[in-house]
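Right, one structure below, let's go through it.
FYI, the numbering just counts along the sequence from 1.
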Amino acid sequence: RGLYDIQACPLPLRPALFTDYSRGQYGKTPTIQATNELMKHKDTSLILATGGEAMVHAAYSSGTPALGVGPGNGPAFIEKSANIALSVKRILDSKTFDNGVICASEQAIIVDEKLYTQVKDEFELRGAYILKKAEMDKVRKTIFVDGGLNSKIVGQSAYKIAQMAGIDVPEKAKVLIGEVTSVDLSEEFAHEKLSPVLAMYRANNFEDAVDKASHLIADGGYGHTSSL
């Protein structure tokens, strides 16, 4: 028993769950009212809440035990001993799932300088688009508006975001990658982007990579995700 996502429910069970909320809390058309009722329902034993501060606060205030997950800014470090092809594949698999709206998906790639060119080539080979210098500011102004994430890019395809920015990329481009150096919040690419847009950093060594990763995690809020 609990509060679940309909996509996680096996297909044969969905019709029954739609008609019997006490056997698993599902809903076809989510609303704020329905979500609040489900969280407070006597048969809901645990809530896993994602989606922002308001949702997490509502879950914690429901009277039901809850685990809350807030915004993330997860970096992935590709260390010099990494399997390049496998690392790049897994990052693209993660970042293209639901067009990057999952808060645990990678927001930045940090690459050991010994592998940087090979990793960059592998990303391009697998369908990523590396932004040119002249295109970077156009994308910066598109992903962030008035000091905050542009809600219009959330969950959109890389091609759609490129169109919004006024740049030409292949229609099948999987992600847009911006090569940057700053991990400060003044750099738009250093934020959580909730879309198939990645920042890419060059690390001089392991310690430099950890330092960059630590700053990026701090930018999004400690306690979330990073990977090696």
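Leu86 belongs to no hydrophobic cluster, as no Ile, Leu, Val, Met, Phe, Trp or Tyr side chain comes under 4.5 Å of its own.
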| task | Check the pair Met136, Val180 against side-chain contact (heavy atoms from CB on, under 4.5 Å), reporting the backbone distance first and the verdict last. | result | CA-CA 9 Å; Met136 291 285 289; Val180 290; 3.5 Å; yes
| said: Apply side-chain contact (heavy atoms from CB on, under 4.5 Å) to residues Met55 and Thr35 and explain how you reach the verdict. | reply: CA-CA 10 Å; Met55 173 60 76; Thr35 299; 4.1 Å; yes
| query | Yes or no on side-chain contact (heavy atoms from CB on, under 4.5 Å) for Lys80 and Phe206, after CA distance, side-chain angles and deciding distance? | reply | CA-CA 9 Å; Lys80 61 184 178 183; Phe206 187 87; over 6 Å; no
| request: Take Lys141 and Glu188 through the salt bridge (charged side-chain N to carboxylate O under 4.0 Å, His left out) test and state the conclusion after the steps. | output: CA-CA 8 Å; Lys141 292 175 183 177; Glu188 289 83 352; over 6 Å; no
| request: Output, in order, the C-alpha distance, side-chain angles, deciding distance and verdict of side-chain contact (heavy atoms from CB on, under 4.5 Å) for Glu124 and Ile130. | output: CA-CA 7 Å; Glu124 289 188 299; Ile130 309 294; 3.4 Å; yes
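For the pair Pro75 and Leu216, the tightest heavy-atom approach, listed with the atom from each and the gap, is CB-CD1, 3.9 Å. Shortest non-hydrogen contact noted between Lys152 and Gln156 is O-CG, 3.2 Å. For the residue pair Leu92 and Ala128, the shortest heavy atom distance occurs at CD2-CB, 4.5 Å. Minimum heavy-atom separation, Phe77 to Asp112: CE1-N, 3.8 Å. Shown here for Ile161 and Ser195, the closest heavy-atom pair between the two residues is CD1-CB, 3.6 Å. What you find for Ser105 and Lys95 is that their closest heavy atoms are OG-NZ, 3.9 Å.
Comment: Lys89 engages Asp93 in a salt bridge, judged by a side-chain N to carboxylate O separation of less than 4.0 angstrom.
Side chain of Thr44 to main chain of Met39: no donor-acceptor pair is present (N/O by atom type, distance under 3.5 Å, no hydrogens or angles). Here the side chain of Asp211 pairs no donor or acceptor atom with the backbone of Glu207 at under 3.5 angstrom. The backbone N or O of Glu192 lies less than 3.5 Å from a partner atom in the side chain of Asn73, making a donor-acceptor pair.
Rounded to the nearest 0.5 angstrom, Tyr201 OH and Ser182 OG are separated by 6.0 Å. Interatomic distance, Met200 CE to Tyr116 OH, rounded to the nearest 0.5 Å: 4.5 Å. Rounded to the nearest 0.5 angstrom, Asn99 CG and Ile102 CD1 are separated by 10.5 Å. A distance of 12.0 Å separates NZ of Lys42 from OG1 of Thr64, quoted to the nearest 0.5 Å. Distance check: Glu79 CD to Asn205 CG gives 10.5 Å after rounding to the nearest 0.5 Å.
Residues Glu37 and Gln33 bring a donor and an acceptor atom of their side chains to less than 3.5 Å of each other.
Here Asp98 pairs with nothing under the salt bridge (charged side-chain N to carboxylate O under 4.0 Å, His left out) rule; sequence neighbours left out. With sequence neighbours excluded, no residue satisfies salt bridge (charged side-chain N to carboxylate O under 4.0 Å, His left out) with Glu135.
Two rings, from Tyr159 and Tyr129, have their centers 6.0 Å or more apart.
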